[in-house]
Amino acid sequence: MLSSNHNDFVKSRTRMVEEQLVPRGITDKRVLDTMARIPRHVFVEDALQGQAYGDFALPIGDGQTISQPYIVALMTQALNLQGHEKVLEIGTGCGYQTTILAQLCEQVYTVERLKSLYIKSRKRFDQLHCFNVRSKIDDGTLGWKENGPYDAIIVTASGPEIPASLVEQLAEQGTMVIPVGPRATQELKVLTKQDQGIKTSTIEHVRFVSLIGAQGWGQ
Ligand code: SAH
């Protein structure tokens, strides 16, 4: 039998979708269905599980955070995934965003610079049977060249500019979503590679932890 705790989490998740995502313009049904299904509370420490479906970011250790549900939904929707794509994620963190992506595309490659987060997220991918996720510890500002080009790239930490290596590894007709700007606040940019060249637009103002690496901020 499922515990009452489990039922509470299911309710919180439904409420999260109805109150935080739909009213703010998340319309992609696959994204909404996936976020209603994936247990977000397993990605945070036990003491924070009761807050996992709140309308905010939460700490995940090492000074890093799991993004607010709305931002996860917005970034995922911006990639317009249909199911056949190869996606590169930079900044695995707790692995929640990765797990959402894994439901919506064919294969996810994800890079995290901190070993402790890499190890914890890897365990969660196995527990949740995300067999289409490959992860590694590295400086993600340089991408993951061997497996490129990628149909979609998502960066969940912010640097001063869009790393050139990531633009290079984005496939023709591909889409990248990335926060860019000063350390305090940034613009969430959507970049598309089209026949006419590269097009970028800003879809939201955000606050992310720093992207630290060769093509990001220094240490
Ligand atoms: N999507 C994650 C967000 C975690 S915060 C989640 O839902 O939990 C951003 C993450 O980016 C942190 O874990 C941080 O360590 C990582 N990061 C920062 N710079 C990086 C880099 N150059 N390469 C890979 N990961 C990086």
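As the structure lists them, so they are numbered: ligands from 1, and atoms in each ligand from 1.
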Which ligand 1 atoms does [X] reach within 4.0 Å, using its non-hydrogen atoms?
X: S210; value: 18 (C), 19 (N)
X: C94; value: 6 (C), 7 (O), 8 (O)
X: V209; value: 5 (S), 9 (C)
X: L117; value: 13 (O)
X: I60; value: 8 (O)
X: T141; value: 22 (N)
X: G93; value: 4 (C), 8 (O), 13 (O)
X: V111; value: 24 (C), 25 (N)

Taking the side chain as C-beta and beyond, is there a heavy-atom pair between V167 and I198 under 4.5 Å?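 Yes, side chains in contact.
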Could you tell me if the side chain of T141 sits less than 4.5 Å from the side chain of L211, heavy atoms only?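 Yes. Closest side-chain heavy atoms under 4.5 Å.
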If you have a sec, work out which protein heavy atom is nearest [atom] and how many Å separate them, to one decimal?
atom: atom 15 (O) of ligand 1; answer: E112 OE2, 2.6 Å
atom: atom 5 (S) of ligand 1; answer: T65 O, 3.1 Å
atom: atom 14 (C) of ligand 1; answer: Q64 OE1, 3.4 Å
atom: atom 11 (O) of ligand 1; answer: G91 CA, 3.2 Å
atom: atom 26 (C) of ligand 1; answer: R113 CG, 3.6 Å
atom: atom 9 (C) of ligand 1; answer: T156 O, 3.3 Å

Query raised in the report: Is there a heavy atom of D138 sitting under 4.0 angstrom from any atom of ligand 1?
Result: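 Under 4.0 Å: yes for D138.
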request  = Answer with yes or no whether T92 contacts ligand 1, where contact means a heavy atom under 4.0 Å from a ligand atom.
outcome  =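 Yes; T92 lies near enough to ligand 1 that a heavy-atom distance drops under 4.0 Å.
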Can you tell me if [X] uses its side chain to pair, donor with acceptor, with the backbone of [Y] under 3.5 Å?
X: E89; Y: V87; result: no
X: D151; Y: K86; result: yes
X: R13; Y: A36; result: yes
X: Q77; Y: D28; result: yes
X: R134; Y: V108; result: no

Out of P59, A214, G140, whose heavy atom sits nearest atom 23 (N) of ligand 1?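 Answer by nearest heavy atom: G140.
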Heavy atoms of W217 and S210 approach each other most closely as CD1-CB, 3.8 Å
ask   = Any side-chain donor paired with an acceptor under 3.5 Å for N5 and Q49?
value = no
Result for side chain to side chain donor-acceptor pair (under 3.5 Å) between Y53 and one of H41, E19, R15, R40 points to H41
Given the options T156, T110, T76, Q97 meets side chain to side chain donor-acceptor pair (under 3.5 Å) only with T76
Are any of the N/O atoms in I212 less than 3.5 Å from those in ligand 1?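 Indeed, backbone or side chain, I212 has an N or O that close.
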